[in-house]
Structure formats: structure tokens, C-alpha cells
Amino acid sequence: MSENLELHPDRNLAMELVRATEAAAIRAVKHIGKGDKNAADGAAVDAMRAFLGTVNFEGLIVIGEGEKDNAPMLFNGEIVGNGNGPKCDIAVDPIDGTSLTAAGRQNAISVIAVSDRGTMLDASAVFYMNKLVAGPEAVGVVDIRKPIGENIRALAKAKGKPVDEMVIAVLDRPRHEALIAEIRAAGAGTRLLLDGDVAGGIHAARYGSRIDMCVGIGGSPEGIVTTCAVKGLGGIVQGTLHPKDGAERERGEAAGLKFDHVYEMDELVRSDNTFFVATGVTDGGLLQGVRKKGPVILTESIVIRGKTGTIRHVEAEYLADRWQ
């Protein structure tokens, strides 16, 4: 048992990591709706980095904020934690939905995902990935290689619901105009996401959610983070890398990435010993945002453990005067 605790992340680690996402969310609050996404992101990065430094683990950042948003900390290859305890791969996004935060819109969250060291796919050379995410009923039923209409009909049958009651989440981007048209032509409805497809993917994989599937081109880092969560939800994630141009494809090939290839869940994250931790920044369907009530600050977080398929909701109260 002691060897396992030394080498692999355990359940106590997840509860420590919640403190880091809570801190990032709390520090971002004063920037909600102020129009400056960089200020919100910077405050969240500083807070998350400070709290990660106290955690008992050695985390290698495979998917970092610095790589994605040119931030000075939490960059790819950085080691975080106090150096004691398990060695892990870690993906961080102090705010998934910086534009949402700046505009005061819903569904911004602070996120950390963890797996055993050496198990996360480093897809940082190619920023975009075409993804399909769905719940347990979709396993062996849908396939990203198939037309979206065929997948919708197959999943509707597996879930025992009419096609016209199916809801498919897609990022609201010009690149998805044809995809959105195909979804609607199949008879399904769309849930257009302004930003933050991590939350959309988790919604699609959770039992009883109104969203049945999340599809389309979004960030490759978000695909890895989502996979860490879906490992604990029993669903499916598939992805194909989507380079912006020939130069990005060449960089991806030099990094050993595969193109014209469907990455399955166990290629995106080669371990079931995963944790996904998120705290709400602004209110959303997945989590409530940070709230201040009198002398206390309230946060809501979710912890998903891949190994056991456990989902925990964590509510915390902080004394507001300690966060001045």
C-alpha cells in the first residue's frame, strides 16, 4: 500500500487540489464582467500557482496556462507541488472561459486534471482537436468517423428517446456552421456554447444531463482535461487533431503526434487513475459561481475520480476578510 501511495495519486490529493481551484476562482471574482480577460486570468494563475506549491505531490505540467495564454507561470514542463508524494501529470486551466468571465457570462470554471506520470498525451504542438464526447450509452454505439446524423440516431436509439429530443452541444463558431446545420437537419436540437467546452463535454457524459453529446473543434488541451473527467463517468471521448496550417502539422509530426488518426480515450490519457477537479467561477449548469454573502465567500466544486467512478460535490465557506 505504501508503495502505491508513493507512486500514484490517491484520493487525498484530489481534495488538496480543490483548494487551488477554489483560490483561483475566488481571485477571479473581482474581474467578472469588467471586460479584461487577461486580468482575470492573471489573478487566477497567481492564486492557483501559490496553492499548488503547498500540495504533497510532484506535478509535471503537460497542459499549462503559460503555453496556451502566454502566461509567465504554469507553463508546459513546469514542476509544481512541494516535491513530496506521488509523481503525476497535471493539466491546469485556472479559468476555462476567460472571455465568459470578462463578459460576466455563465459557465466559467477553474480546472485541474491529474493522472499518473507519463500518461497524458502532450498535444501542445497542435492547438485544435475535433472531439466527440458522450455518456455510457454511447460506448460502442457512436464513432467520430461517422456522419453526425448517424451518430445522433444511433445514440437516440440506445438512450430510448426520440431524435427530436436529442440535444447536441457545439461551440458557437463560424467553423461549425455546416456541423450545426447537419445536427438540425437530423432533427436534433443544439446547445451552442459561447466558450468552455470542458463543461459541455462533462454535461454530455453525465447521467441525466439534458445534453446528449458534445461535438466539434475545440482546444486540444481541453480534450485531455475532459478525458480525465469522463474516465470517471463511464462515457466516451474521441478526438482527431485539427492543425491550423501545414506548419502546425509539421510541428505535430515532429512531436510524434498522429494525424488522420482517431485518438481514443486510452490514448489521450493512458491511465484510469485520474482526477478532475473544478470550481465554479461564474454560475453555470455544472457549478454555481463564487458568491459572497455577508462575511463569507461560498464556492462550489466537483471532484471526479476515474479509478472508482466517484463524483463528489464540495461546498466551502471562506471568511471574506481573509481574502482582502
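Owing to the predicted nature of the structure, the values given are computational and were not obtained by experimental measurement.
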Got a second to check how far N273's CG is from D116's CG, nearest 0.5 Å?
4.5 Å
Could you state whether I202 and I109 fall into the same hydrophobic cluster, counting links through intermediate Ile, Leu, Val, Met, Phe, Trp or Tyr residues with side-chain heavy atoms under 4.5 angstrom apart?
yes
Side-chain heavy atoms of I302 within contact of F276, under 4.5 Å
yes
Under 3.5 Å donor-acceptor, T190 side chain and L192 backbone
no
I'd like to check L233 versus I311 (side-chain heavy atoms, cut-off strictly below 4.5 Å). Are they in contact?
yes
Does K157 NZ have over 12 foreign heavy atoms under 6.0 Å away?
no
Pairs of donor and acceptor atoms involving the side chains of residues 250-257, under 3.5 Å and at least two apart or interchain, shall be tabulated with distances.
unit_1 : atom_1 : unit_2 : atom_2 : d
E253   : OE2    : R249   : NE     : 3.3

I'd like to check V133 versus T226 (side-chain heavy atoms, cut-off strictly below 4.5 Å). Are they in contact?
yes
Qualifying residues under ring-ring contact (aromatic ring centres under 6.0 Å, His included), relative to Y318, sequence neighbours excluded
W323
hydrophobic_cluster_shared for V303 and F57, side chain cutoff 4.5 Å:
yes
Looking at every heavy atom in both V114 and C88, which two are closest together, and how far apart are they?
CG1-CB, 3.7 Å
My understanding is that only residues two or more places apart in sequence, or in another chain, count here; which of them pass side-chain contact (heavy atoms from CB on, under 4.5 Å) with A103?
R105
Using 4.0 Å as the upper bound for N to carboxylate O, is an ion pair formed by E222 and K131?
no
Closer than 3.5 angstrom, by distance alone: can the side chain of D172 be matched with the main-chain N or O of L194 as a donor-acceptor pair?
no
Indicate yes or no for a side-chain donor-acceptor contact from T310 to the backbone of R305 under 3.5 Å, with no hydrogens or angles considered.
no
Are any side-chain N or O atoms of E248 and backbone N or O atoms of F127, one a donor and one an acceptor, separated by less than 3.5 Å?
yes
Does R27 reach the main-chain N or O of D46 with its side chain, forming a donor-acceptor pair under 3.5 Å?
no
Is V163 close to I152 at the side-chain level, that is, under 4.5 Å between some pair of heavy atoms?
yes
I need the I304 CD1 to R312 CZ distance, nearest 0.5 Å.
12.0 Å
Exactly one of I32, L298, I297 should register a side-chain contact (heavy atoms from CB on, under 4.5 Å) with V290. Which one does?
I297
Who passes ring-ring contact (aromatic ring centres under 6.0 Å, His included) against Y263, sequence neighbours left out?
H261
Listed partners of D272 passing side chain to side chain donor-acceptor pair (under 3.5 Å), at least two apart:
K231
Side-chain heavy atoms under 4.5 angstrom apart, residues restricted to Ile, Leu, Val, Met, Phe, Trp, Tyr: same cluster for M166 and I148?
yes
Just grab all the ring pair (Phe, Tyr, Trp, His ring centres under 6.0 Å) pairs involving residues 170-208, residues at least two apart or on different chains.
none
side-chain contact (heavy atoms from CB on, under 4.5 Å) between N82 and N56, intermediate numbers included:
CA-CA 6 Å; N82 64 15; N56 289 315; 2.6 Å; yes
Could you report the tightest heavy-atom contact between S220 and L241, atom names first, then the distance?
OG-CD2, 3.9 Å
Has T282 got a side-chain atom pairing as donor or acceptor with G289's backbone, closer than 3.5 angstrom?
no
Which residues pass the side-chain contact (heavy atoms from CB on, under 4.5 Å) test with R270, not counting sequence neighbours?
T119
Between CG of N107 and CG of L100, what distance do you get to the nearest 0.5 Å?
7.0 Å
Suppose we screen for side chain to side chain donor-acceptor pair (under 3.5 Å). Which residues come up paired with S301, at least two apart in sequence or across chains?
T279
Sorted by chain and residue number, the side chain to side chain donor-acceptor pair (under 3.5 Å) partners of S209 (sequence neighbours excluded) come out as none
For V281 and S110, which heavy atoms make the closest approach, and how far apart are they?
CG2-N, 3.8 Å
Among V269, L268, I63, find the one that has a side-chain contact (heavy atoms from CB on, under 4.5 Å) with L121.
L268
What pair of heavy atoms forms the shortest contact from G218 to R175, and how long is it?
CA-NH2, 4.2 Å
When rounded to the nearest 0.5 Å, the distance separating OG1 of T98 from CG of D195 is 6.5 Å
Could you identify which residues cluster with I79, counting Ile, Leu, Val, Met, Phe, Trp and Tyr as linked when any side-chain heavy atoms lie under 4.5 Å apart, either directly or through a chain of such contacts?
L60
CD1-CE distance between I95 and M48, expressed to the nearest 0.5 angstrom
9.0 Å
So E22 and V314, do their side chains get closer than 4.5 Å, heavy atoms only?
yes
CG of L155 to CD1 of I168, rounded to nearest 0.5 Å, is 7.0 Å
Under the 3.5 angstrom rule, does the side chain of E78 hit a backbone N or O of F75 as a donor-acceptor pair?
yes
Between R117 and E58, is there a side-chain N and carboxylate O pair less than 4.0 Å apart?
yes
Does a side-chain heavy-atom distance below 4.5 Å link V170 with V215?
yes
Do L286 and V198 sit in the same hydrophobic cluster, where Ile, Leu, Val, Met, Phe, Trp and Tyr count as joined when their side-chain heavy atoms come under 4.5 Å apart?
yes
With a 4.5 Å limit on heavy-atom distance, are the side chains of L52 and L17 in contact?
yes
Determine yes or no for a side-chain-to-main-chain donor-acceptor pair under 3.5 angstrom, with E16 supplying the side chain and V55 the backbone.
no
In short, side-chain hydrogen bond (donor to acceptor under 3.5 Å, both in side chains) pairs touching residues 142-151 with sequence neighbours left out are D143-R145
What one should report as the nearest heavy-atom pair of A204 and C214 is CB-N, 3.6 Å
Taking a hydrophobic cluster as the set of Ile, Leu, Val, Met, Phe, Trp and Tyr residues connected by side-chain heavy atoms closer than 4.5 Å, whether directly or through intermediates, do V237 and V225 fall within one such cluster?
no
Do any N or O atoms from the side chain of T101 and from the backbone of G97 form a donor-acceptor pair under 3.5 angstrom?
yes
Looking only at heavy atoms, what is the nearest atom pair of A278 and V111, with distance?
CB-CG2, 4.2 Å
Any salt bridge between D212 and K159, counting N to O under 4.0 Å?
yes
Among all residues two or more places apart in sequence or in another chain, which pass the side-chain contact (heavy atoms from CB on, under 4.5 Å) test with V62?
D89, M120, D122
Does a side-chain heavy-atom distance below 4.5 Å link L193 with R173?
no
